[in-house]
Amino acid sequence: MKLMAKASVFLLSAFVSVSAFAVEGDAKAGENKAAVCAACHGQAGKSESPAFPKLAGQQASYTAKQLADFKSGKRDNAVMKGQVSGLSEQDMADLGAYFAEQTAVVGKADPALVVKGERIYRGGNADTGVAACSGCHGPAGQGVPGGFPALSGQHAAYIEAQLKAFRAAGREDIGSMTKRMNDSD
C-alpha cells in the first residue's frame, strides 16, 4: 500500500511538471535544429550507441521537458548543458515535435532475460518492492502522456544506467553517474 501511495504521488507530480511545458512544437522547424543532435543520438534520433538514448518516437512533451531540465541544471550533464544552452523554449518544443514524429527502432534483447524482464515490467517484483513498469510506461512501453517516456526499443544499457541513477538519486557518493531526480519535480 505504501508503494502505491508513493507511485500515485510520483505520477501526479510528473503529470503536473510535464503539462506545464505548453509551447506547441513545429516538427519541420525541429528537423533543421536536430542536425547537431545526430552526432550522438543518430540520424533522426535513432542512436546506435547504447551510451546515448534513442529519441525517435519519444513523446514531444517529454523530450522538450528533458531539454529544459538540462538547460536549467535539474538534469546534470555537461555535454547536454552545452548543447541546450542557446535553445529557446520554442526550439525545445520543435525538437520534441520532430523526434516524436520519427519512427522508433526496436532493438534486440537477450533472449535469456526476456521472460523475466517482461514479468517484472508487467507485474513488478513484490519481493524487492519494485512496481510494475507498465503502470507508468504503458503496456507496450510506448510511454504515457504526462511525464513517462517510451521505453520500447530503447538501448538496454541506457535503461539500466537510468534505473541505477534513479536508485542513487540523493546520494553524494555516486561518482560520475548522473542523478535522475527531475522527473518528479
Side-chain angles (χ1 to χ4, degrees), residues 1-19 21 40-42 45-67 69-70 74-77 80 96 99-100 102-185:
M1 193 62 172
K2 190 188 267 188
L3 183 61
M4 289 299 283
K6 286 181 182 178
S8 297
V9 169
F10 180 76
L11 178 60
L12 179 60
S13 63
F15 178 76
V16 169
S17 180
V18 174
S19 298
F21 203 91
C40 297
H41 297 284
K46 298 174 184 181
S47 167
E48 294 184 24
S49 170
F52 305 106
K54 296 176 184 180
L55 303 177
Q58 191 58 264
Q59 297 171 48
S61 61
Y62 184 80
T63 299
K65 180 189 180 300
Q66 297 312 302
L67 293 171
D69 286 350
F70 282 123
K74 283 184 181 179
R75 271 190 85 176
D76 185 24
N77 180 291
M80 284 302 300
F99 288 120
Q102 305 311 302
T103 304
V105 178
V106 178
K108 295 187 185 209
D110 180 346
L113 300 175
V114 170
V115 172
K116 182 178 182 180
E118 183 176 10
R119 187 172 37 245
I120 293 170
Y121 185 86
R122 296 189 185 287
N125 184 334
D127 294 337
T128 59
V130 172
C133 308
S134 61
C136 296
H137 297 282
Q142 74 280 13
V144 175
F148 297 97
L151 301 179
S152 179
Q154 193 57 263
H155 296 293
Y158 181 77
I159 297 289
E160 179 182 0
Q162 296 311 302
L163 288 170
K164 287 178 179 177
F166 273 114
R167 181 178 61 199
R171 287 180 40 189
E172 297 298 323
D173 59 341
I174 61 173
S176 64
M177 186 181 297
T178 303
K179 291 184 182 183
R180 287 293 309 268
M181 299 176 356
N182 64 311
D183 291 301
S184 61
D185 290 351

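Only heavy atoms go into these numbers, but all of them, side chains included; no hydrogens, no water, no symmetry mates. In this text, all values refer to a predicted model and were calculated from it rather than measured experimentally.
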Name the atoms and distances for all side-chain donor-acceptor pairs under 3.5 Å in residues 129-153, with sequence neighbours left out.
unit_1, atom_1, unit_2, atom_2, d
Ser134, OG, Tyr121, O, 3.4
His137, ND1, Pro149, O, 2.8
Gln142, OE1, Ala140, N, 3.1

Interatomic spacing from CE in Met80 to CD in Gln66 - rounded to 0.5 Å | 9.5 Å
Which residue pairs pass the side-chain hydrogen bond (donor to acceptor under 3.5 Å, both in side chains) test with at least one member in residues 45-57, sequence neighbours excluded?
-> Ser47-His155
Return each pair, listed once, that meets salt bridge (charged side-chain N to carboxylate O under 4.0 Å, His left out) where at least one residue sits in residues 144-161; pairs must be two or more places apart or across chains.
-> Glu160-Lys164
With sequence neighbours excluded, tell me which residues meet side-chain contact (heavy atoms from CB on, under 4.5 Å) with Asp127.
-> Asn125
Which atom pair, heavy atoms only, marks the closest approach of Phe99 to Leu55?
-> CB-O, 3.5 Å
Just how far is it from atom CD1 of Ile159 to atom CD of Gln154, taken to the nearest 0.5 Å?
-> 5.0 Å
Name the atoms and distances for all side-chain donor-acceptor pairs under 3.5 Å in residues 103-119, with sequence neighbours left out.
unit_1, atom_1, unit_2, atom_2, d
Asp110, OD1, Ala112, N, 3.0
Glu118, OE2, Arg122, NE, 2.9

Nearest 0.5 Å, what's the OG1-CD1 distance between Thr128 and Ile120?
-> 7.0 Å
Where do Phe52 and Tyr158 come nearest, in terms of heavy atoms and distance?
-> C-CD1, 4.5 Å
Which residue pairs pass the salt bridge (charged side-chain N to carboxylate O under 4.0 Å, His left out) test with at least one member in residues 141-150, sequence neighbours excluded?
-> none
